[in-house]
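Below is one structure, written out as structure tokens, with a few remarks after it.
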Amino acid sequence: MSFYPSLDDDGTSINSCAENVPAGLGFGILDQSMETDDLSLDSDYRPPSYNPQSTVSHSNPSDPSQVVIDLTKSPEKSKKPPRPPPPKKPILGKSLETKDNVVKDLTVPQVRWFYKDESNKKAVKWLPFIGYDSCQLEYKYRQIYVHGDVPLEIERIPVQGGLFEVDIVEKKCYAIYWKDDAVDVLRGTWFYHSNQEPIDDNIAQQIETEHVKRFGGQTIVAELSPDPKQTKNAKPQKEVLLYQMRFKDCHVDWYSIKDVFMYSDSTSSRLARSIGTSIGFSKASSSGYRLLRGFPQEAFLEDKPPPISDLIFVVHGVGQIMDHSSIIKCCKDLRNSADKVKSKHFPDLISRTSTKRAEFLPVEWRTSLRLDGGIVDSITPQKLKGLRWMLNSTGMDVLYYTSPLHRSEIVKALHIELNRLYHLFCSRNPGFEANGGRVSIFAHSLGCVIVYDILTGWNPIHLYDQYLSHEAGSHPDLDTVSEEQQGLAAELNSARKRVADLEDKLLATNQVAVAINTPKLDFQLDALFCVGSPLAVFLALRGTRPQGNGSVTHIMPKSACKRIFNIYHPTDPVAYRLEPLILRHYSTIRPLKIHRADSTKQIPYHEIQPMAYSAATKKEEEMTARASEEPSSSSEIYDDMDDESGDGEQQDSPALNDGYMTRMSSGLSSMWAKWSRGNKIPELDALEDMERDMERSINMQIEAMDVNTGELSADDSVELDQRIDFEIKESSMSSSYLSALTSHTSYWATPDVALFILTQLFPDYLLS
């Protein structure tokens, strides 16, 4: 029977004795003066073994809480009934007794530690630590509070894969690598039977002490629930109260060693119990909550994550000044997405024998900077203050970085933070470097540009020096002088030559100093994942042009970073492609489509052949025409369109797109197409039509250029050493212009992105 929550007289829920009770019921602060007049026993008294068939009489019939257990009378022996056939479900009325099932102190595996779920603001929810973390916390707790071995400095216990640490004394959990609010932790010994949520540890500790004191050494008899068929006409049996503990706003009753219930003492709860018992319901079924001793799933040291083999720093872009914890939340979303993907595509990474694990650490570099001293805020007009503040907090970061006055400060802040986090991580994971641990960076938006400049040592002063050298020359007004001034002109030319020689010597010395003082990372970078990145347009404005040799080192030297990936959503207005900066004709080659996380087959990216935009567009138009002519097979046609034009697969290859259109039946696909066409906003529909016309016009111009040139140039026959641009597959149900509003911030929780990262880091572990 389910237990219903009790409400106070005014209709509000009681939140007192335990903050984590099921919704609608709570209990108050523990009253240290417990009512024990009914059982005044010596401190060393231990009752005899409990006989469930012993008779119980009330010393005071008017007060049922005062009970006297009579264990002297033996129950009458009855004839043994015939043995029933093996039941599918346990038969009520029978008892199940196990060997060595004796009441004693809880073992370390039976105790489970919890941390508070801060993401749930509506209700208090506790989440269990994994077995390894819980055992470590319990060992430390018993060392201090049970054995009395208190060190001079109590070390915190690392938990959750080494990202957090717990202070046993304060019962707080702190983040190690970033600043965040402390989270409450709880030692769980007694739990609500219905949802296995722990009760307040202070109350649970006193219940546990009293339970062991009164029932220690006795055999536990598991009472099974009554069979409805056997008890259909049976009269309800009244519970036998063995012992009761009272607190300020609640009390706990023992009916047997295992049948322990907690009750609220609010007026509404007492009224509910009174009405329930008057019509034949038991006290427990009317308003009580059954308690469970020990966590059902025992904790073991083997339940631990694999060692970290790949460390990924997550660097934010613009807008961090609006919310300093934004990158922490985004990194958590990325970490959760990776965990979900691993269970399906990388099962060997989550096995107990695995020695590989990727960990994501957020890198926050913006909030500590005060770039302009607040001068921009002071010159911001008051009208539309909220909108202007949002623009100042986002787009202004780009202007700061392009300013010679503030750029070096931004680069220095990110450089220092990356090295600090790396050394902190290595100090807590001493085997990382010794075991060949790899470091990668996942950079978003402007963060990609800053990381790139740190890796390559690019400095705008070099570009400015080149510009001055290129523009150096005599003043046009001094080209012609009078005969009287020829001597001064010759002296001026001599002085100018002397200054040029001094500048060359000083510049050479300064370039050496700049090269020495260029910020360097204290670790070798294995991979750089640029997400929603404007890096390409920055490089183009700096003068980077295609070299025509297909080598990625033209963009990123191998000595700085072994691999670089440019991931973007097709509607992200901030993202740009990198491949055309290496080979110009790759502007006509489609980027590779990132596999969906819910697809059943993952084709290696190096096996996908490049496909031109013009060829892919023609194929899409043909398939769209087929879909309109053959609505019964529209789902399969959309599958082929996604496979051929997106991933360069053959027609007979299995579909990669298992979402949306591919999961729809043909009838639903046709209905959706008609409904979507009839429910579009006219202005939005016009914009999309204009976009399609522009794309068609651009493709025609490209084809005309190919016809005019006749044959491909030598550079057009060159291919990239490795593909760099990877495009997220766009949903067939979304509008491009609506997606443009959210696509730039949608990478963190996208499982497709997490799958791509793990695929590049652990290609040998991917299920094919």
Side-chain angles (χ1 to χ4, degrees), residues 369 371-373 398-416 418-419 446 448-522 524-525 528 534-561 564 578 580-584 715:
L369 299 177
L371 298 174
D372 56 12
V398 180
L399 299 181
Y400 285 140
Y401 192 68
T402 56
S403 169
L405 185 62
H406 303 297
R407 179 189 174 278
S408 59
E409 187 177 355
I410 295 176
V411 171
K412 181 180 179 181
L414 179 56
H415 168 253
I416 292 176
L418 284 171
N419 285 336
L446 181 64
C448 304
V449 183
I450 307 174
V451 172
Y452 177 87
D453 289 347
I454 293 177
L455 293 175
T456 59
W458 185 86
N459 195 311
I461 298 179
H462 298 167
L463 187 63
Y464 185 66
D465 290 339
Q466 295 174 5
Y467 171 77
L468 290 180
S469 300
H470 181 268
E471 296 295 330
S474 60
H475 196 279
D477 294 340
L478 299 178
D479 290 341
T480 57
V481 295
S482 62
E483 295 181 1
E484 294 82 4
Q485 304 297 330
Q486 289 295 333
L488 292 176
E491 187 178 350
L492 177 61
N493 291 332
S494 177
R496 182 181 288 118
K497 185 178 180 181
R498 175 60 177 165
V499 170
D501 293 339
L502 292 176
E503 284 182 348
D504 292 340
K505 293 180 180 179
L506 183 60
L507 182 59
T509 306
N510 186 53
Q511 287 178 346
V512 173
V514 170
I516 296 175
N517 296 327
T518 298
K520 298 293 184 181
L521 296 177
D522 295 340
Q524 175 64 42
L525 194 63
L528 172 61
L535 175 61
V537 73
F538 273 79
L539 296 180
L541 295 177
R542 294 173 181 177
T544 302
R545 296 294 181 265
Q547 298 296 319
N549 56 11
S551 176
V552 181
T553 56
H554 170 54
I555 295 295
M556 178 68 71
K558 293 289 186 180
S559 58
C561 180
I564 181 171
L578 279 172
L581 286 180
I582 304 174
L583 291 175
R584 181 67 176 269
D715 291 342

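Note that this is a predicted model, so its numbers are computed, not measured. Computed from heavy atoms alone, side chains included, the values below leave out hydrogens, waters and symmetry copies.
- In this structure a side-chain-to-backbone donor-acceptor pair under 3.5 Å is present from Asn419 to Asp522.
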Please assess Leu539 against Leu578 for the test side chain to side chain contact (heavy atoms under 4.5 Å, CB included), listing each intermediate value before the final yes or no.
CA-CA 9 Å; Leu539 296 180; Leu578 279 172; 4.1 Å; yes

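- The shortest heavy-atom contact between Ala413 and Leu369 is CB-CD2, 3.7 Å.
- Between the side chain of Arg584 and the backbone N or O of Gln547, no donor-acceptor pair lies under 3.5 Å.
- Here His406 pairs with Tyr400 under the ring pair (Phe, Tyr, Trp, His ring centres under 6.0 Å) rule; sequence neighbours left out.
- In this structure a side-chain-to-backbone donor-acceptor pair under 3.5 Å is present from Thr402 to Val398.
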His554 vs Thr544, side chain to side chain contact (heavy atoms under 4.5 Å, CB included): CA-CA, chis, key distance, verdict
CA-CA 9 Å; His554 170 54; Thr544 302; 3.7 Å; yes

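- Distance check: Asn459 CG to Arg407 CZ gives 5.5 Å after rounding to the nearest 0.5 Å.
- Other residues, nucleotides and ligands contribute more than 12 heavy atoms inside 6.0 Å of the NZ atom of Lys558.
- Considering CD1 of Ile410 and NE2 of His415, their distance stands at 15.5 Å, rounded to 0.5 Å.
- The line from CD1 of Ile555 to CG of Leu528 is 12.0 Å long, rounded to the nearest 0.5 Å.
- Atom CG of Leu488 and atom CG of Leu492 lie 8.5 Å apart (nearest 0.5 Å).
- Within the model, atoms CG of Leu414 and CG of Leu446 stand 10.0 Å from one another, a figure rounded to the nearest 0.5 Å.
- Residues Asp453 and Phe538 form no side-chain contact, since every pair of their non-hydrogen atoms from C-beta on lies 4.5 Å or further apart.
- Closest approach of Ala536 and Leu581 over heavy atoms only: O-CD1, 3.5 Å.
- Here the shortest heavy-atom pairing between Leu525 and Ala560 reads CB-O, 3.8 Å.
- Considering only residues two or more places apart in sequence or on other chains, Thr553 meets the side chain to side chain donor-acceptor pair (under 3.5 Å) condition with Ser551.
- Partners of Pro580 according to the side-chain contact (heavy atoms from CB on, under 4.5 Å) rule, which considers only residues two or more places apart in sequence or in another chain, are Arg577, Ser587, Asp725.
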